[in-house]
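Take a look at the structure below.
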Amino acid sequence: MQNLCVLGATGSIGKSTLDVVRRHPDRFNIVALTANRQIDELVKQAVEFKPDYVVCANPDDYSLLASGLAEEGLSAKVLVGQDGLITVASLPEVDTVMAAIVGAAGLAPTYAAACAGKKILLANKEALVMSGDLFMQAVMKHKALLLPVDSEHNAIFQCLPASFCEHRDWSQLGIAKILLTGSGGPFLKTPMAELQHVTPEQACAHPNWDMGRKISVDSATMMNKGLEFIEAHWLFGVPKELIQVVIHPQSTIHSMVQYQDGSVLAQMGQSDMRIPIAHVMAFPERIDSGVAPLDFTTLASLEFLPPDFERFPNLKLAIDAVEAGQWASTALNAANEISVAAFLDGRITFLDIARINNEVLEKSASHVLSNIDEVVAYDLQSRELANRVLEGL
Ligand code: NDP
Ligand code: MG
């Protein structure tokens with residue numbers, strides 16, 4: 001029996017995780033569930049999964065959550081705020097932490113899980129983008145097991161030899177290239193002149209995947225692929241020259257590894273996050289994810305294109321940030337969280353997202369980030385800068 005803590009249980013990844021748990025009550029036991037705004041949903045989940053702990057990120061929601069649980073006759077312990085999230089991510093009785101909070105808010109609890117040597121199922125790519133080497137060092141030092149949930153990284157992981165998990169040394173594996181695929185999102189073929197006027201609803205209507213709103217906008221700007229480029233660099237320890245972004249509009253192949261002998265291994269499947277989630281939850285075994293198998297006889301042709309940096313300037317910003325250093329990835333991620341939230345609130349246009357991100361990077365100074373507190377401080381500073389740039393538009 002694996003004891004699970006699900007950070008971000010009320011989100012898209014959190015709910016898919018609980019769906020896999022629901023199918024395998026003999027394998028998984030929920031110890032802790034966490035939420036931000038959706039307190040009713042958290043109570044509903046607590047009724048079904050009977051966790052020992054529930055956490056709401058906002059301390060003001062304590063009474064609402066506690067009374068909701070009491071009405072259902074539940075005695076789960078209620079914790080609040082970042083301290084509560086860190087506590088449940090490091091509980092001795094927790095074996096596995098699903099890191100599915102969106103954005104920088106997930107960094108502290110995910111880092112705590114690494115320091116507590118947990119098996120970490122990483123969906124929260126922003127945490128790794130912000131902290132890169134520091135996060136990976138904590139994983140190694142505390143012998144945590146870091147498994148990628150992000151479908152591309154999960155695909156790459158599945159295409160690497162099993163021995164990668166033990167020594168994480170890509171240079172011994174004969175890899176020629178990591179081929180990071182991306183659909184190109186809803187605006188791959190939209191005339192450039194129309195991009196100025198696209199709405200949050202259009203941006204969130206991803207052709208292949210059903211996801212939370214922030215990552216959906218990131219997919220539309222291809223910042224998501226940029227964040228994933230940085231994520232792949234840290235997760236697999238490969239230099240940026242070995243990572244190539246390939247547009248694949250059908251999202252049937254979830255990424256590939258090309259070896260020096262010319263072989264290319266690809267992982268394929270339906271666009272349903274329960275596949276990578278079930279893979280990492282059961283790893284190294286395989287279990288039913290609830291997803292129907294691919295029917296190759298019904299597949300249309302598979303297309304592949306190079307990325308267009310003029311259409312997707314955010315992708316270029318992220319690739320360049322790897323070269324510039326950790327401070328640049330941290331600043332870019334912070335700026336992007338501010339600009340995407342402003343776009344979703346109807347305060348700026350779609351094209352302003354990349355403008356703000358670019359200006360924040362131009363105005364940020366190179367900075368050495370030597371511990372997580374410095375990362376958090378630099379993230380805050382970059383958010384303030386992004387807000388100033390936004391007001392000046
Ligand atoms: P959602 O927006 O659907 O869910 C986010 C979760 O985080 C919710 O449980 C939300 O709580 C919680 N949350 C939000 N803000 C805070 C905060 N300040 N403090 C604590 N908890 C918070 O996002 P997704 O599930 O789509 O994405 C989660 C992560 O997984 C992201 O990093 C994303 O990039 C990554 N990912 C997602 C994929 C997908 O298919 N959705 C695919 C690959 C990666 P509440 O809902 O209660 O407000
Ligand atoms: Mg992805």
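We count ligands from 1, going down the list as the structure has it; atoms in each ligand are counted the same way.
- Not a single heavy atom of Gly14 sits under 4.0 Å from any atom of ligand 1.
- Looking at Glu126 and Asn124, their side chains do bring a donor and an acceptor atom within 3.5 Å of each other.
- The protein heavy atom nearest to atom 46 (O) of ligand 1 is Gln38 NE2, 2.8 Å.
- For atom 26 (O) of ligand 1, the nearest protein heavy atom (residue, atom name, distance) is Gly212 N, 2.9 Å.
- The name of the N, O or S atom in Glu152 nearest to the Mg ion (ligand 2) is OE1.
- Taking 4.0 Å as the cut-off between side-chain N and carboxylate O, Asp19 and Arg274 count as a salt-bridged pair.
- Side chains of His279 and Asn154: a donor-acceptor N/O pair is present below 3.5 angstrom, by distance only.
- Looking at Ala105, Pro276, Gly106, it is Ala105 that brings a heavy atom closest to atom 18 (N) of ligand 1.
- Counting heavy atoms from C-beta on, the side chains of Phe49 and Asn29 never come closer than 4.5 Å.
- Judged purely by distance below 3.5 Å, without hydrogens or angles, the side chains of His254 and Gln267 pair a donor atom with an acceptor atom.
- Under 3.5 Å, the side chains of Thr330 and Gln326 contain a donor-acceptor pair of N or O atoms.
- Of the heavy atoms in Arg213, none comes closer than 4.0 Å to ligand 1.
- Protein heavy atom closest to atom 28 (C) of ligand 1, with residue, atom name and distance, is Ala100 O, 3.4 Å.
- In the displayed structure, Glu310 atom CD is contacted under 6.0 Å by at most 12 heavy atoms of other residues, nucleotides or ligands.
- The nearest non-hydrogen atom to atom 7 (O) of ligand 1, considering only Asp150, Val102, Leu122, comes from Val102.
- Gly11 CA, 3.1 Å is the protein heavy atom nearest to atom 4 (O) of ligand 1.
- With the Mg ion (ligand 2) as the vertex, OE2 of Glu228 and OD1 of Asp150 span 100° to the nearest 10°.
- Remark: the His153 side chain and the Glu231 side chain contain an N/O donor-acceptor pair separated by less than 3.5 Å.
- Atom-to-atom distance recorded for Ile348:CD1 and Leu344:CG is 9.0 Å, nearest 0.5 angstrom.
- Under a 4.0 Å criterion applied to the non-hydrogen atoms of Arg37, ligand 1 contributes the atoms 45 (P), 47 (O), 48 (O).
- In the candidate list Ile101, Ile215, Asp218, Ile101 is nearest to atom 29 (C) of ligand 1, counting heavy atoms.
- For ligand 1, the atoms lying closer than 4.0 Å to a non-hydrogen atom of Ala57 are 19 (N), 20 (C).
- Looking only at heavy atoms of the protein, atom 3 (O) of ligand 1 is closest to Ser12 N, 2.9 Å.
- Here the protein heavy atom with the shortest distance to atom 47 (O) of ligand 1 is Thr10 OG1, 2.7 Å.
- The nearest heavy-atom contact from the protein to atom 27 (O) of ligand 1 is Ile13 CG1, 4.2 Å.
- Both the backbone and the side chain of Ala123 come within 4.0 Å of ligand 1, counting heavy atoms alone.
- In terms of protein heavy-atom proximity, atom 32 (O) of ligand 1 is closest to Glu126 OE1, 2.6 Å.
- The closest non-hydrogen atom to atom 11 (O) of ligand 1, taken over Asn36, Val6, Asp61, Leu33, comes from Asn36.
- Side-chain polar atoms of Glu391 and Asn387 form no donor-acceptor pair below 3.5 angstrom.
- In the model, Thr349 has a side-chain atom that pairs as donor or acceptor with a side-chain atom of Asp352 under 3.5 Å.
- Looking at Met273 against ligand 1, only its side chain comes within 4.0 Å, counting heavy atoms.
- Side-chain contact check for Asn36 and Asn58: no donor-acceptor pair (N or O, by modelled atom type) lies under 3.5 Å.
- Taking a 4.0 Å cut-off on heavy atoms, Lys214 fails to register as neighbouring ligand 1.
- In this structure, CD1 on Ile230 lies 8.0 Å from CG on Asn333, to the nearest 0.5 angstrom.
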